[in-house]
Amino acid sequence: VQLQAFGGGLVQAGGSLSLSCAASGRTPTNNRMGWFRQAPGKEREFVAAISPSGVTTYYADSVKGRFTISRDNTKNTVSLQMNSLKPEDTAVYYCAVRFTSGENYSFDYVRSEAAYTYWGQGTVVTVSS
């Protein structure tokens with residue numbers, strides 16, 4: 001399984017970016033997909049996740065109301081629409097996946113790195129003030 005994330009770049013504060021992540025290889029459509037980020041000098045943190053059906057979404061408080069996660073199961077892709085970007089959103093963004101058909105997991109579990117098996121290489125998002 002390989003995950004390819006793209007869409008990062010440089011944007012001014014208040015602007016928008018859309019990230020996408022495509023899964024290739026032997027990837028069942030039943031999977032949980034998530035986004036994490038790591039800012040310089042900080043630990044990697046959870047951003048958002050989406051259940052296999054796309055019905056259930058999870059967000060970190062820091063991005064709630066500004067970011068939207070979605071998925072296209074026909075293409076095995078997940079997207080992260082980021083609006084009202086702030087300089088503190090600057091980070092390397094990683095997508096991750098775990099094969100599961102489960103729809104309802106606790107937020108504390110879904111936001112943990114243990115809830116994911118495969119990780120992409122990351123795409124850089126820089127928000128200037």
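Quick note: numbers below take in every heavy atom, side chains included, and nothing from hydrogens, waters or symmetry partners. Residue indices begin at 1 and follow the sequence shown.
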query = Can you check whether Y59 reaches T68 side chain to side chain, under 4.5 Å on heavy atoms?
reply = yes

ask   = Once you round to the nearest 0.5 Å, how far does CG of D72 lie from OG1 of T77?
value = 4.5 Å

ask   = Residues in ring-ring contact (aromatic ring centres under 6.0 Å, His included) with F6, at least two apart?
value = none

key: Test salt bridge (charged side-chain N to carboxylate O under 4.0 Å, His left out) applied to K42 - qualifying residues, sequence neighbours left out   = none

query = What distance do N76 atom CG and N31 atom CG have between them, rounded to the nearest 0.5 Å?
reply = 5.5 Å

request  = For E88, enumerate each residue passing the salt bridge (charged side-chain N to carboxylate O under 4.0 Å, His left out) test, keeping only those at least two apart in sequence or located in another chain.
outcome  = none

inquiry  = The criterion is salt bridge (charged side-chain N to carboxylate O under 4.0 Å, His left out); which residues satisfy it with R98, sequence neighbours excluded?
reply    = none

task = Kindly state each residue pair satisfying ring-ring contact (aromatic ring centres under 6.0 Å, His included) with at least one member in residues 97-129, sequence neighbours excluded.
result = F36-Y116, F36-W119, F46-F107, F99-Y118, Y105-Y109

task = Answer with yes or no whether the hydrophobic clustering places L19 together with V11; edges join I, L, V, M, F, W, Y residues whose side-chain heavy atoms lie under 4.5 Å apart.
result = yes

Show me the donor-acceptor pairs within less than 3.5 Å that the side chains of residues 120-129 make with the rest of the protein, sequence neighbours left out.
unit_1 : atom_1 : unit_2 : atom_2 : d
Q121   : NE2    : A5     : O      : 3.3
T123   : OG1    : G8     : N      : 3.2

message = Using 0.5 Å steps for rounding, measure from the CZ atom of R66 to the OG atom of S84.
response = 7.0 Å

task = Determine whether P52 and S101 make a side-chain contact, defined as any pair of heavy atoms from C-beta on separated by less than 4.5 Å.
result = no

query = Any side-chain heavy atom of L3 sitting closer than 4.5 Å to one from V97?
reply = yes

key: Residue pairs involving residues 71-94 (criterion ring-ring contact (aromatic ring centres under 6.0 Å, His included); sequence neighbours excluded)   = none

remark   = Taken to the nearest 0.5 Å, the spacing of N83 CG from F67 CZ works out to 8.5 Å

message = Can you confirm whether L85 sits close enough to L17 that some side-chain heavy atom of one is under 4.5 Å from a side-chain heavy atom of the other?
response = yes

key: Residues that T56 engages under side chain to side chain donor-acceptor pair (under 3.5 Å), provided they are two or more places apart   = none

key: ILVMFWY cluster, I69 and Y58 together (side-chain gap under 4.5 Å)   = no

key: Cluster overlap M33 with V110, hydrophobic side-chain contacts below 4.5 Å   = no

key: Any residue meeting side chain to side chain donor-acceptor pair (under 3.5 Å) with N73, in chain and number order, not counting sequence neighbours   = R71

note = Sorted by chain and number, sequence neighbours left out, side chain to side chain donor-acceptor pair (under 3.5 Å) with K75 holds for none

task = Only counting residues at least two apart or in another chain, list the ones meeting salt bridge (charged side-chain N to carboxylate O under 4.0 Å, His left out) with R37.
result = E45, D89

ask   = How would you list, by chain and number, every residue that makes a side chain to side chain donor-acceptor pair (under 3.5 Å) with E103, sequence neighbours excluded?
value = S51, S53

